[in-house]
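Every chain is numbered from 1 and lettered A, B, ... according to where its sequence line falls, protein lines coming before strand lines.
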Number of protein chains: 2
Amino acid sequence: MAKLRARDDVSAEEEQVLRNLISETRDVAAKSTLIRAGQRITISTLLLEGLMCRYKDLNDGQRQISELHVAGDFVDLHSFTLKRLDHNIMALTACKIAVVPHERLQLLSHDHPHLTRLYWFTTNMDAAVHREWELSLGRRSAIARIAHLLSETHVRLGLVGLTNGLEFRLPLTQVDLAECVGLTPVHVNRTLKLLREDRVADMQRGRVRIFDLERLHAIAEFNPAYLYLEKEPR
Amino acid sequence: MAKLRARDDVSAEEEQVLRNLISETRDVAAKSTLIRAGQRITISTLLLEGLMCRYKDLNDGQRQISELHVAGDFVDLHSFTLKRLDHNIMALTACKIAVVPHERLQLLSHDHPHLTRLYWFTTNMDAAVHREWELSLGRRSAIARIAHLLSETHVRLGLVGLTNGLEFRLPLTQVDLAECVGLTPVHVNRTLKLLREDRVADMQRGRVRIFDLERLHAIAEFNPAYLYLEKEPR
DNA sequence: CGGTTAGTTGAGCTGGATCAAGCGTAGTGG
DNA sequence: CCACTACGCTTGATCCAGCTCAACTAACCG
């Protein structure tokens, strides 16, 4: 909700409408796959607590995570229009989620064009993240990819109050991280070591500490414009 | 239009509404950048003829194309909700486009929830393509990336009647292709040679010929589900 | 305190990058 | 009609970022 308000004005009445979309909340176990590609879905999932991801895989088991989701993210709002997803959704940690039935979104899209556009906007932001990751995967070096991921999560977690200055929890294993940035776990390990030794940033046991934000952003060529942090006149 | 009808029912009246969105048509020169990242936009662009792409670049000039667009694609419908794009849009060939002012989309989103959902759906499909490309860039080998790109464009061009069986025009240079698949032009050249020598597919002077579709798809691990070709009950 | 999962490090390898030269062909203008 | 140029494609030689394989260590957990 805070996430939406950061980008556009939401009236008190609208806020109530959004709250009423939720039919129930649920707990999800760590490392469990919540939604599988191809299955027909009639609800969407709002992430309240924990870390989730979208991923696709190849026949040999190689996996590519296409986006990370943090508290406040609508993990699969796009399933409302797509009906089936082209990717899996997995909880990386234990999570708390809110369930939003598609019928309620259907009603929303009928009666609340402004909120519909706002939700449309959030799915377009996901696409913007995908594009930035395509740039990372296609063109950035290993160290830049990891620096970029840390920069992005730093901003996104900061938006929902989950950072403490330059420190934050990011409970990813090095294997998970490797699946985000298209590298092997071994190389991720060596690259993290580089960042640590250069006193740029450190990631240990699910905790990130940034020592030099400016240098981190420079290594990543991080430009947060794709995260659409500012409110636009509409 | 045919593209939409392939995925959902559009009434004759709705079709008229969509036609009226267009304010004008225009020609765009090959190799010209139509929209630059960050600029505020008040129109969206429907591609009528030609080939366009979305791309982002790094400071050293390295470029990553994040999606190709063919006739019938709404190239930057997402700018309606985003207001500024996070990427550039370039015409790869001479193109014909239709201009849709955002004010008209605003009215549409107010009066036509069904069509709004349909347009929302198309931007979600773009995101699905981005995710599949992330998988390619992160995990597929060079030959699989190229085989995948050929498989995808074969289907997408086929949808709008721009293929002739296993042959189609795809006026990309090897440099363009390299920027799609995150490789160097030299390596793209060698990989195309492999595909040609293995009698899988051939790409020369902007013309693709597939010799063995099954093998092409197998190399790519191509699964067209992410292109949402079937109409879903809604 | 034993087992299991995550992280670390070394040695050697390889897919794709880099650098560089040459080729084919479509314009272009004299 | 033919040089000249420019652009895209091709090929060879060499290099290196990141991969693979394998062994070891640290932390956590019941």
* Let me know the distance between CZ of A:R145 and C1' of D:dG18, rounded to the nearest Å. => 9 Å

* Determine: side-chain N/O of A:Q204 to OP1/OP2 of C:dA6, distance under 4.0 Å, yes or no. => no

* Any chance the side chains of B:H87 and B:R36 put a donor and an acceptor closer than 3.5 Å? -> no

* **For atom CD1 of B:I143 and atom P of C:dG16, their distance in whole Å** => 10 Å

* To do: Give A:S141 one of three labels, base, sugar-phosphate or nothing, depending on what nucleic acid heavy atoms sit under 4.0 Å from its own.
  => sugar-phosphate

* To do: Would you tell me if any nitrogen or oxygen in the side chain of B:K193 comes within less than 4.0 Å of OP1 or OP2 on D:dT10?
  => no

* Euclidean distance, atom CD of residue A:Q62 to atom P of C:dG15 [Å, nearest integer] -> 13 Å

* Distance in angstrom units between B:K31 NZ and D:dG8 C1', rounded -> 10 Å

* To do: Assign each of A:M203 and A:R190 to its nearest nucleotide of DNA chain C by heavy atoms, then name whichever residue's nucleotide is nearer the 5' end.
  => A:M203

* For the pair made of CD1 in A:I146 and P in D:dG18, what is the distance, rounded to whole Å? -> 10 Å

* Asked: Do the side-chain N and O atoms of B:E132 and B:H148 include a donor-acceptor pair separated by under 3.5 angstrom?
  -> yes

* Is there a donor in the side chain of A:E152 and an acceptor in the side chain of A:Y226, or the other way round, less than 3.5 Å apart? -> yes

* Ignoring hydrogens and angles, answer whether the base of C:dG24 and the side-chain atoms of B:R205 contain a donor-acceptor pair closer than 3.5 Å. => no

* **Separation of atom NE2 in B:H187 from atom P in D:dC15, rounded to whole Å** => 19 Å

* Gap between atoms CG and P, on B:L194 and D:dT11 respectively (whole Å) -> 11 Å

* Asked: Does a donor on one side chain sit under 3.5 Å from an acceptor on the other, for B:T33 and B:N88?
  -> no

* Calculate the interatomic distance between A:N189 atom CG and D:dA23 atom P; express it in whole Å. => 18 Å

* Asked: For the side chain of B:Q174, counting heavy atoms from C-beta on, which of C:dT8, D:dG12, D:dC9 is nearest?
  -> D:dC9

* Structure fact -> Among the nucleotides C:dT8, D:dC9, C:dT9, whichever has the atom closest to the side chain of B:T173 is D:dC9

* Asked: Looking at B:D76, B:D86, B:D126, which one forms a salt bridge (charged side-chain N to carboxylate O under 4.0 Å, His left out) with B:R54?
  -> B:D126

